[in-house]
S.K.: 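Sharing a structure, written as C-alpha cells. Questions coming.
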Amino acid sequence: MPTGTLLIIDDEARLRQLLAQVLELEGYTVLQAPDARRGLELLQQHAADILLVLSDVKLPDANGVDLLPRFKAAAPDAEVVLLTAFGTIPDGVKAMKLGAFDYLTKGDFEQQLVVVVERAAEKARLRQRVTELERRVGQQYRFESMIGDSVELRRVQQLARQVAPTDSTVLLEGPTGSGKELFAQAIHQASGRQGKAFVAVNCSAFPKDLLESELFGYKKGAFTGALADKKGLLEEANGGTLFLDEIGELELNVQAKFLRVLESQSFTKLGDTKPTKVNLRLVAATNRNLKQEAAEGRFRPDLYYRLSVFTILVPSLKDRPTDVPPLANFFLQHFAARLSKRLPGLSEEALAMLQRYPWPGNVRELKNVLERAAILAPNGELLSADYLPDEFHALGRPARPGADAADESLRALEARHISKLMGELEGNKPDVAKRLGIGLTTLYRKLEEYGLG
C-alpha cells in the first residue's frame, strides 16, 4: 500500500475532506489547509515528509499557479498537482513550465486522481532517495571523513584543501591502492563544482583502441559500427570534475588531443568537423613517475607540465603505520555489519601484526584482509591473529630489547609442553588447542614451527 504525506490546499471544505478520505483509504497521511497562507505554513513545517501538494488554483488569498515557485522553494523534492474548476490551456502550459506535475480540471478528475497522485508520489520518493544518496556521498568523500591522524596524512589533506576551491588541474601521485581516488572525490566535494558530475575514468581499464572514443565520443558514421551519435565522458563531466586514473596509460596520440582540452576546454569528436566546448576541472592520478616518463619519451612533456600545475604525493600505507589501527577497525566494523556479526575489535597481537606488515597493496589490501578475517572470525569475539593470512605470521614477533638465549629456553619449554599434550590427548588437535587456550590455527602454526607435525 502507498505511504507518505500529502498536502491538500482548497477553500472548498467538503471537496477537501472528500479528497482526504479517498487518499487516506489509499494509505497516505493527508494534511489539509483552507488557504495559501496555512498551506505554506504546513509545507514548511513538514517539508521533509510531504511528497505531493494538491492545490486549488483559485484560492482566497493567492493563485495556485503563481504559488508554484514558493511550493518548490519550501519543499524541493515534493511534486505539485493543481486543481481548477475552469481549466484553460494557457494556465495549464504556464503551470507545467513552472514545474507542476499535472493540471487537473475538477469534475472529471475523480477516476484518474489516485493514479496521478501515485505517479507523482513515486517521482517524489525517487527524488528524495537521490537527494539522500547525494548527501551521503558528499559526507563520505569529505576530508573530515578520511580515517587516520598521521602527520603524513594531515600534510597531504592540507595541500588538497588549499587547492580544492580553485579550478587548477591537480596531479595525484602515489602507489596503487593508496587512496588517490578518495582524495580526488574529496577535492571535488570541497570545490565550487560540488553537486555537479564527478566522472572517474580508469585509463588502464579500457582497451587502447576504445579509450579515445569513450573519452571524446563520436558522430554517427565515424567508423564501422557507429550507428548513432555517442556522448563521450568529457561531455558527461561538463560542469563538474573529470578524474583520470592511471593517466600514464594514455596513448601518445590521445595525449595530444587531451592537451587541447586543457588548453582550450574544447575538443573534436571522431567524425565531427566542429569543436565541442566543455567546462570541466581535471584531476589526474598515476603510480608512475611521469616526469621521468616524459624525459624518456613515453609521455608528452607538454602534457606533463599542464598536468603538474599542482602535484600532491599521496603516501603509501607503510609510510603512515599509525593509521593502520583506525583503518583496520573501520573496515572490520563495516564488514561485520554487512555480515550481521558483532566483532568488538582486534586483539593486540592482530593489531601489532597489521602494523608490522609492509602493505604492498596499501589501503586496498588492508580492506581485503579485513573482509576475509571478518568472514572467518566467530561472532561476538575479538578478531585474533589466527584469522590473518599466513604472510602476517611469517613476519614473526617483534624483537624485544635485551632478548637473549632465555627466549630459546622458553620456546623449548613450550615445544615440550605441546608435545606432551599431543601424546596425552592422542593427537586430538582441537582438544590440545583448547587445553592450551589458543586457536586451532595457532596450534597448527606452532606444530609446524617446532617440527611436531
Side-chain angles (χ1 to χ4, degrees), residues 147-150 177 316-401 403 406-453:
I147 298 167
D149 196 37
S150 64
S316 63
L317 190 56
K318 72 175 181 180
D319 292 331
R320 47 189 184 103
T322 57
D323 289 340
V324 171
L327 280 167
N329 276 296
F330 171 80
F331 289 135
L332 179 64
Q333 297 312 314
H334 171 75
F335 291 118
R338 280 179 46 178
L339 297 165
S340 300
K341 281 185 174 182
R342 188 179 68 84
L343 299 173
L346 293 100
S347 70
E348 290 186 12
E349 184 183 12
L351 281 173
M353 284 186 173
L354 292 176
Q355 284 189 281
R356 290 200 307 275
Y357 187 69
W359 297 111
N362 289 291
V363 179
R364 190 175 299 151
E365 184 182 8
L366 175 63
K367 183 179 179 181
N368 293 341
V369 166
L370 267 298
E371 181 176 8
R372 174 186 182 276
I375 292 170
L376 297 174
N379 192 23
E381 296 182 12
L382 283 175
L383 182 71
S384 72
D386 293 344
Y387 302 104
L388 297 179
D390 292 341
E391 55 265 32
F392 290 82
H393 299 283
L395 294 173
R397 291 180 170 79
R400 302 192 313 273
D407 288 329
E408 288 303 316
S409 299
L410 289 171
R411 285 167 55 82
L413 185 62
E414 183 180 49
R416 285 198 300 273
H417 184 52
I418 292 174
S419 178
K420 180 182 176 184
L421 285 176
M422 286 287 288
E424 289 179 0
L425 299 173
E426 298 179 346
N428 188 319
K429 295 180 179 67
D431 286 351
V432 171
K434 187 175 180 180
R435 287 278 293 274
L436 289 169
I438 61 177
L440 188 58
T441 305
T442 301
L443 175 62
Y444 275 105
R445 179 164 48 82
K446 288 182 180 295
L447 290 173
E448 182 177 354
E449 183 180 347
Y450 296 138
L452 300 174

S.K.: Measuring from Leu376:CG to Leu388:CG, what's the distance to the nearest 0.5 Å?
M.R.: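 Interatomic distance, Leu376 CG to Leu388 CG, rounded to 0.5 Å: 10.0 Å.
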S.K.: Taking only residues at least two apart or on different chains, which pairs with a member in residues 363-383 satisfy ring pair (Phe, Tyr, Trp, His ring centres under 6.0 Å)?
M.R.: none
S.K.: Please evaluate residues Lys367 and Phe335 with respect to the criterion side chain to side chain contact (heavy atoms under 4.5 Å, CB included), reporting the C-alpha separation (whole Å), side-chain torsions for both, the decisive distance (0.1 Å), and the verdict.
M.R.: CA-CA 9 Å; Lys367 183 179 179 181; Phe335 291 118; 3.8 Å; yes
S.K.: With a cut-off of 6.0 Å (strictly less than), are more than 12 heavy atoms of other residues, nucleotides or ligands near CD of Glu424?
M.R.: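 Enclosed.
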S.K.: Restricting to side chain to side chain contact (heavy atoms under 4.5 Å, CB included), what partner residues turn up for Ser347, sequence neighbours left out?
M.R.: Glu349, Ala350, Ser384
S.K.: Please list, chain by chain and in numerical order, all residues satisfying side chain to side chain contact (heavy atoms under 4.5 Å, CB included) with Pro360, sequence neighbours excluded.
M.R.: Tyr357, Pro358, Glu365
S.K.: Can you check whether Val369 reaches Trp359 side chain to side chain, under 4.5 Å on heavy atoms?
M.R.: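 Val369 vs Trp359: side chains touch.
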S.K.: Scan for side-chain hydrogen bond (donor to acceptor under 3.5 Å, both in side chains) pairs involving residues 324-340, sequence neighbours excluded, and state none if there are none.
M.R.: none
S.K.: Who are the side chain to side chain contact (heavy atoms under 4.5 Å, CB included) partners of Leu339, not counting sequence neighbours?
M.R.: Lys341, Ala374, Ile375
S.K.: Check whether His393 reaches the backbone of Ala385 with its side chain - one donor and one acceptor, N or O, closer than 3.5 Å.
M.R.: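 Yes, the answer is positive, given that a donor and an acceptor are paired below the 3.5 Å cut-off.
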S.K.: List for me each residue that meets side chain to side chain donor-acceptor pair (under 3.5 Å) alongside Asn368, sequence neighbours excluded, and say none if there are none.
M.R.: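 Asn368 satisfies side chain to side chain donor-acceptor pair (under 3.5 Å) with no other residue.
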S.K.: Could you list the residues that satisfy salt bridge (Lys or Arg N to Asp or Glu O under 4.0 Å) with Asp431, not counting sequence neighbours?
M.R.: none
S.K.: Assess whether side chain to side chain contact (heavy atoms under 4.5 Å, CB included) is satisfied between Val432 and Leu447, documenting all intermediate values.
M.R.: CA-CA 11 Å; Val432 171; Leu447 290 173; over 6 Å; no
S.K.: Any salt bridge (charged side-chain N to carboxylate O under 4.0 Å, His left out) involving residues 320-330? Give me the pairs, sequence neighbours left out, ordered by first then second residue.
M.R.: Arg320-Asp323
S.K.: Could you tell me which residues satisfy side chain to side chain contact (heavy atoms under 4.5 Å, CB included) with Ala328, sequence neighbours excluded, listed by chain and number?
M.R.: Leu346, Leu354, Leu366, Leu370
